[in-house]
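Here's the structure we're looking at; comments come further down.
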Amino acid sequence: MATNESTEAKGFYKLSWLQRFGFGSGDLAQNLIYQTISMYLLFFYTNIYGLDPADAATMFLVVRLVDVLWDPLVGTYVDKHNPKLGKYRSYLVLGGIPLTGFAILCFWNGFAPSLVYAYITYVGMSMLYTLINVPYGALNSSLTRDTDEITTLTSVRMFLANVGGLCVASGIPLVVALFAPKDAEGEAIINTPDAASAWFTTMGIYAIVGMLLLIFCFTQTKERVVMDEKDMDDVKVSDLWTEFVRNRPLRILAFFFITAFAMMSVGNAAGSYYMTCNLAATSDQLAIFMGLGSVPAFIFMPMVPAIKKKVGKRGMFNIFLTIAIIGMAILYVVSVVPSLKSQMWIVYVAQFIKSTGVIVATGYMWALVPEVISFGEYTTGKRISGIVNALTGIFFKAGMALGGVVPGLVLAYVGFNAKATVQTPFAEQGILWLVCVIPALLLGLAMFIISKYELTDEVIDKINMEIEKRNH
């Protein structure tokens, strides 16, 4: 017992399962809100709200440019201040309520097709999301230094994040269909302006549940590994660039974030177009396909700690990124061979294989963020968790920006027409590029980038022990 207390006194804390699930509920909450934005906002803008795809793509790019300026300010502010409710967790409550409101307003067509209204609500939502996401990311590294505990925390977090992803991917089409008008055959109409109120109601339900989960996360987390406020007085916005230049593991992880999130965002944004346009799928089939993007998490994320111990970080990334590419290749073949195109079960299998690789590889990468924070603390003496998470947030959103811009530009290039019942073969081919080809190329690039990451478990454990000795 004394040994355990001694270990915990040095920052290597073990958390209860309630605390682990409490922390993970924060990502579940954010996914209910932001995954809905990521997967369906472009579809809503073009098919329900009435924006031109090129205008929507430009807006997605502009919003991300705003984030480039906003995220460092948030990260610096978070590092320099200690609110009474908690250095990091307080923002879950303070930002959660306005985020809920803006997320709901993004799916309101009262001013359709006003581009100004779309900009105001989307920019506001994105800025508030940063105000929660940056300190939430920093919260992870404040709970413990224990690498095994962080791996478990990340597994629980990604498991719950994918619960949110499943609720969004499969649930959104079903809930929208529940409130949407029906055609003569009784099939829900979810892709026309007539379904606007159904989308608004659905986002309202998801956003309010998300806010309640953020409050639960706030109640179950305790910050233990936090530097004194006096040690952070000289933290400034320029530290973001300084840290990026001198912290090589951080640079590698940042570029991995760009490619990984670009890959996910492009595929997610194109999924609804692929099913409704290329395969003429029903709302139920769309729900199954999108849901399979999250289902593998419930099978494989609990196995991540054991897999990592068996094959190591690099081996795990290589294995699962390769699995994802194989799934995309199968999906492409199914889509271009006429005799296979009608076999929806093969489409589902390909989506499951692709999602298995994507979920594990992109889920575990969040466990590396506390490592690069510790590496920075080891080399500089400053634990600037907020700034590091702001920096990873910039690259994460840069990837998300590509996920919004690339689909819009490709759809405009291939002549996609939201009002047409049947798309041209060239438009269908462009959608297939977005679902399979472009994400596969990005995955190959991501595999090369992460191969350069040098912080093994042995190295990072040694660094954390040295930091604790120095602090005491």
Side-chain angles (χ1 to χ4, degrees), residues 33-70 102-130 172 176 189-200 202-203 261-262 264-278 397-424 426-435 438-439:
I33 296 172
Y34 203 74
Q35 281 279 35
T36 305
I37 299 292
S38 175
M39 289 186 181
Y40 294 109
L41 188 59
L42 179 62
F43 183 80
F44 175 83
Y45 278 153
T46 58
N47 289 48
I48 290 88
Y49 192 78
L51 288 184
D52 180 86
D55 289 338
T58 302
M59 180 173 62
F60 276 62
L61 177 61
V62 170
V63 170
R64 296 290 83 83
L65 292 176
V66 171
D67 287 335
V68 169
L69 301 175
W70 175 242
F102 270 86
I104 295 171
L105 290 175
C106 281
F107 282 86
W108 184 54
N109 77 329
F111 293 104
S114 169
L115 193 58
V116 173
Y117 175 81
Y119 266 97
I120 292 172
T121 51
Y122 190 26
V123 169
M125 187 286 305
S126 185
M127 293 178 73
L128 286 164
Y129 174 75
T130 295
I172 291 290
V176 172
I189 304 171
I190 67 172
N191 61 344
T192 71
D194 294 333
S197 62
W199 283 93
F200 180 71
T202 300
M203 187 68 247
F261 275 99
M264 286 192 294
S265 300
V266 169
N268 288 341
S272 52
Y273 292 99
Y274 171 69
M275 290 298 287
T276 57
C277 299
N278 290 43
K397 289 180 179 178
M400 297 290 283
L402 290 173
V405 172
V406 172
L409 294 179
V410 170
L411 290 175
Y413 173 72
V414 299
F416 172 80
N417 183 358
K419 297 180 180 179
T421 305
V422 178
Q423 300 296 324
T424 65
F426 188 46
E428 290 188 3
Q429 184 64 39
I431 293 171
L432 193 56
W433 296 342
L434 294 171
V435 172
I438 295 174

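By the side-chain contact (heavy atoms from CB on, under 4.5 Å) test, E428 is found to be paired with N278, K341, Q423, residues two or more places apart in sequence or in another chain being considered. With sequence neighbours excluded, the residues that form a ring-ring contact (aromatic ring centres under 6.0 Å, His included) with F261 are F257, W366, F396. Take D67 and apply the side-chain hydrogen bond (donor to acceptor under 3.5 Å, both in side chains) test, not counting sequence neighbours, and it matches R64, S126.
When side chains are defined from C-beta on, N109 does not count as touching F200, because their heavy atoms never get closer than 4.5 Å. Using a 4.5 Å heavy-atom threshold, the side chains of Y129 and I37 count as separate. When side chains are defined from C-beta on, M125 does not count as touching V63, because their heavy atoms never get closer than 4.5 Å. Here the side chains of Q429 and V414 are not in contact, with every heavy-atom distance at 4.5 Å or above. Taking the side chain as every heavy atom from C-beta outward, V410 and I431 never approach each other to under 4.5 Å.
Here the side chain of W70 pairs no donor or acceptor atom with the backbone of L128 at under 3.5 angstrom.
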Acceptor/donor pairs from residues 113-121 side chains to any protein atom, 3.5 angstrom cut, sequence neighbours excluded:
residue : atom : partner : partner atom : Å
S114    : OG   : V116    : N            : 3.4
S114    : OG   : Y117    : N            : 3.1
Y117    : OH   : L105    : O            : 2.8
T121    : OG1  : Y117    : O            : 2.9
T121    : OG1  : A118    : O            : 3.2

Donor-acceptor contacts, no H, no angles, side chain residues 53-62, under 3.5 Å, sequence neighbours left out:
residue : atom : partner : partner atom : Å
T58     : OG1  : A54     : O            : 3.0

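By the 30° and 60° cut-offs, the orientation of the rings of W433 relative to F426 is perpendicular.
For the side-chain hydrogen bond (donor to acceptor under 3.5 Å, both in side chains) condition, the pairs that include at least one residue of residues 39-50, sequence neighbours left out, are T46-Y273.
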